[in-house]
Amino acid sequence: MTQAELVQELKSLGMPVAYSHFIDQVSLPYLVYQFVYSNDMMADDVNALEVSNFQIELYTRTKDLAKEKLVQDKLKSLYLPYHKVETFIESENLRQVIYEIQLM
């Protein structure tokens with residue numbers, strides 16, 4: 001799956017989507033995604049297989065199990081295993097759920 005394909009799949013969830021951050025204010029809930037690091041597989045001193053690690057971040061005002069399930073079901077349907085972490089951003093009064101995935 002490519003990054004462009006990932007974006008289209010995220011947009012199909014019906015929430016605003018942006019890379020890294022939004023320039024203008026948007027209403028909650030929304031999704032942000034970004035490249036975080038590569039974990040390429042090497043062979044014969046070259047990058048034989050590109051492995052890009054991305055974060056998909058879901059922002060909500062309160063814990064929203066329905067939106068989390070929506071994102072998780074989409075990732076599962078795309079056969080994209082994920083690691084999930086969540087936190088409360090006190091200064092913004094927002095709940096952040098991060099899904100880390102790999103694209104090859």
Side-chain angles (χ1 to χ4, degrees):
M1 170 172 281
T2 67
Q3 182 177 339
E5 291 168 334
L6 175 64
V7 172
Q8 290 307 312
E9 294 291 345
L10 293 176
K11 287 181 178 181
S12 77
L13 297 175
M15 293 179 269
V17 177
Y19 184 85
S20 177
H21 63 282
F22 286 92
I23 295 172
D24 298 319
Q25 188 172 356
V26 296
S27 60
L28 293 168
Y30 61 82
L31 294 167
V32 171
Y33 72 98
Q34 62 185 344
F35 173 84
V36 285
Y37 64 95
S38 65
N39 195 21
D40 295 355
M41 294 185 177
M42 309 293 187
D44 298 326
D45 296 325
V46 297
N47 294 52
L49 176 63
E50 290 184 21
V51 180
S52 299
N53 292 275
F54 282 83
Q55 282 185 185
I56 299 167
E57 303 168 12
L58 170 64
Y59 291 91
T60 58
R61 185 68 59 206
T62 60
K63 179 76 171 167
D64 192 331
L65 294 172
K67 291 297 182 196
E68 289 179 39
K69 182 170 177 11
L70 190 67
V71 173
Q72 291 166 195
D73 286 349
K74 174 58 75 174
L75 295 175
K76 289 174 187 175
S77 75
L78 297 170
Y79 300 100
L80 290 172
Y82 58 85
H83 294 281
K84 177 182 171 181
V85 178
E86 73 175 79
T87 190
F88 180 72
I89 305 172
E90 193 169 338
S91 63
E92 301 292 326
N93 195 30
L94 291 177
R95 180 148 303 279
Q96 177 193 49
V97 179
I98 301 171
Y99 300 92
E100 185 176 302
I101 63 165
Q102 290 185 327
L103 298 182
M104 293 186 227

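Considering only residues two or more places apart in sequence or on other chains, Phe88 meets the ring-ring contact (aromatic ring centres under 6.0 Å, His included) condition with none of them. Among residues two or more places apart in sequence or in another chain, the side-chain hydrogen bond (donor to acceptor under 3.5 Å, both in side chains) test is passed with Lys74 by Glu9, Ser12.
No more than 12 heavy atoms of other residues, nucleotides or ligands sit less than 6.0 Å from atom NZ of Lys11.
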Under the side-chain contact (heavy atoms from CB on, under 4.5 Å) criterion, do Tyr19 and Gln3 qualify, and how do the steps go?
CA-CA 10 Å; Tyr19 184 85; Gln3 182 177 339; 3.8 Å; yes

Kindly indicate, with the supporting measurements, whether the criterion side-chain contact (heavy atoms from CB on, under 4.5 Å) is fulfilled by Lys84 and Ile98.
CA-CA 6 Å; Lys84 177 182 171 181; Ile98 301 171; over 6 Å; no

I would like to know whether Gln34 and His21 meet side-chain contact (heavy atoms from CB on, under 4.5 Å); could you show each step before the answer?
CA-CA 9 Å; Gln34 62 185 344; His21 63 282; over 6 Å; no

Stepwise side-chain contact (heavy atoms from CB on, under 4.5 Å) test for Asn93 and Arg61:
CA-CA 7 Å; Asn93 195 30; Arg61 185 68 59 206; 3.8 Å; yes

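For the pair Tyr30 and Leu94, the tightest heavy-atom approach, listed with the atom from each and the gap, is OH-CD1, 4.0 Å. Across every non-hydrogen atom of Pro29 and Thr60, the tightest pair is CB-CG2, 3.7 Å. The two residues Ser27 and Pro16 have their closest heavy-atom pair at O-CG, 4.1 Å.
Gln72 CD to Leu65 CG: the interatomic distance, rounded to the nearest 0.5 Å, is 9.0 Å. Rounded to the nearest 0.5 angstrom, Gln55 CD and Gln96 CD are separated by 7.5 Å.
For the pair Leu28 and Asp64, the minimum side-chain heavy-atom distance is 4.5 Å or more. Between Glu5 and Leu78 there is no side-chain heavy-atom pair separated by less than 4.5 Å. Side-chain contact between Ile101 and Leu6: present, with at least one pair of heavy atoms (C-beta onward) separated by less than 4.5 Å.
Leu80 and Leu70 fall within a single hydrophobic cluster, where Ile, Leu, Val, Met, Phe, Trp and Tyr side chains are chained together by heavy-atom contacts under 4.5 Å. Residues Leu58 and Leu10 share a single hydrophobic cluster, defined by chaining ILVMFWY side chains whose heavy atoms lie under 4.5 Å apart. Neither Val17 nor Val26 shares a network with the other; the hydrophobic side chains, linked directly or stepwise wherever heavy atoms of I, L, V, M, F, W or Y lie under 4.5 Å apart, form separate groups for each. Residues Val85 and Tyr37 are members of separate hydrophobic clusters, defined by side-chain heavy-atom contacts under 4.5 angstrom among Ile, Leu, Val, Met, Phe, Trp and Tyr. Cluster membership check: Met1 shares its hydrophobic cluster with Tyr99, using side-chain heavy-atom separations under 4.5 Å among Ile, Leu, Val, Met, Phe, Trp and Tyr.
The main-chain N or O of Val36 is never found under 3.5 Å from a side-chain atom of Asn53 such that the two would form a donor-acceptor pair.
Using cut-offs of 30° and 60° for the angle between ring planes, the Phe54 and Tyr33 rings count as tilted.
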